[in-house]
Amino acid sequence: TVGILGLVVGNLSGRRSPSYLGYALPIRVPVGENFRLATDLSLLALFTAGPTPAAASRPGNSQVPPDTSSTFGAFQVRPALLGDFAHDRNGSYAYWRAGAHLTTPTGGGANSPDFFYGPSAGVGLQGGDTFVVGAEWNVDGWAAAGSKKDPAYTRFRVGTDVRVWIGLNL
């Protein structure tokens, strides 16, 4: 299976944790009858909110805190093993997913780390014969390496994302 049009939306836990939105290109290669190797490629926009000091929200305080929010792009690779746990005669199937991710910011985020990495697990559905439609929900571990200015980025976090796509079985 090769995705043609895919969408991913996700969020991470913790302070200054990004939400993200992007294009996803799922690639699935069958290995045996009930397993697939997956390499999902994604282009993401990550949106990070800046902290809001409590003093700025008090009535009568004329100081406005500086906006420390940021938006930056990232490229993500998600290798995984997929295993069917249910399927029907028409080629539709439900599966589990176990793998990892490597997410590299591509610029714009002055505080962004050099890369994020971690384990990934999820479940998904895919249906169709020649043209396919799929959806997947993942829980990911996110660690960061090489934070340029903000050490808070290097803490381990948990994230979730939802991916949907239209593709072709080749």
Side-chain angles (χ1 to χ4, degrees), residues 1-14 17-49 70-109 112-147 153-154 156-170:
T1 301
V2 175
I4 297 171
L5 181 61
L7 174 70
V8 57
V9 96
N11 197 357
L12 302 179
S13 64
S17 295
S19 297
Y20 55 95
L21 175 68
Y23 172 77
L25 175 69
I27 301 169
R28 311 281 193 257
V29 177
V31 178
E33 193 172 315
N34 294 318
F35 294 96
R36 287 164 189 77
L37 293 177
T39 302
D40 293 358
L41 308 174
S42 302
L43 294 173
L44 306 174
L46 291 92
F47 312 100
T48 305
S70 64
T71 300
F72 55 95
F75 177 72
Q76 185 178 70
V77 178
R78 300 172 64 88
L81 177 66
L82 281 57
D84 297 357
F85 61 83
H87 48 74
D88 69 9
R89 294 180 297 244
N90 299 321
S92 299
Y93 58 92
Y95 61 90
W96 52 263
R97 175 188 181 102
H101 73 91
L102 176 65
T103 305
T104 304
T106 57
S112 71
D114 293 330
F115 61 90
F116 295 100
Y117 63 96
S120 177
V123 293
L125 299 167
Q126 182 168 302
D129 189 16
T130 303
F131 292 99
V132 297
V133 175
E136 188 172 279
W137 176 73
N138 294 291
V139 176
D140 303 324
W142 286 68
S147 180
Y153 271 118
T154 60
F156 184 80
R157 300 165 191 277
V158 175
T160 61
D161 71 32
V162 173
R163 295 166 180 268
V164 294
W165 64 89
I166 298 169
L168 293 171
N169 267 335
L170 301 176

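In this chain, residues are counted from 1 in sequence order. This one's a predicted model, so the numbers in the text were calculated from it and none came from an experiment. These values consider heavy atoms only, across backbone and side chains, with no hydrogens, waters or symmetry-generated copies.
At distances below 3.5 Å, not a single donor-acceptor pair connects side-chain atoms of T39 with backbone N or O atoms of I27.
Contact detail for T104 and F115: the closest heavy-atom pair is OG1-CB, 4.1 Å. For Y20 against T160, the heavy-atom pair with the smallest separation is OH-O, 3.8 Å. In plain terms, the two heavy atoms of G83 and F35 that are nearest each other are CA-CD2, 3.8 Å. Taking both residues in full, the closest heavy atoms of S120 and D140 are given as OG-OD1, 2.6 Å, listed atom of the first, atom of the second, then distance.
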Could you list the donor-acceptor pairs under 3.5 angstrom formed by side chains in residues 124-132, with sequence neighbours left out?
residue: Q126; atom: OE1; partner: W165; partner atom: NE1; Å: 3.4
residue: Q126; atom: NE2; partner: T1; partner atom: OG1; Å: 3.1
residue: Q126; atom: NE2; partner: Y93; partner atom: OH; Å: 3.4

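Residues N138 and R78 form a side-chain contact, since some pair of their non-hydrogen atoms from C-beta on lies under 4.5 Å apart. Under the 4.5 Å side-chain criterion, counting only non-hydrogen atoms from C-beta, V9 is in contact with L21. In this structure the side chain of P26 never reaches within 4.5 angstrom of the side chain of R163, judged on heavy atoms.
The side chain to side chain contact (heavy atoms under 4.5 Å, CB included) with F75 is formed by just one residue from the set L102, L41, L44; it is L41.
Residue pairs that meet the salt bridge (Lys or Arg N to Asp or Glu O under 4.0 Å) test with at least one member in residues 21-41, sequence neighbours left out, are R28-D40, R28-E136, R36-D84, D40-R97.
Note: W142 and H101 have tilted aromatic rings, judged against thresholds of 30 and 60 degrees for the angle between ring planes.
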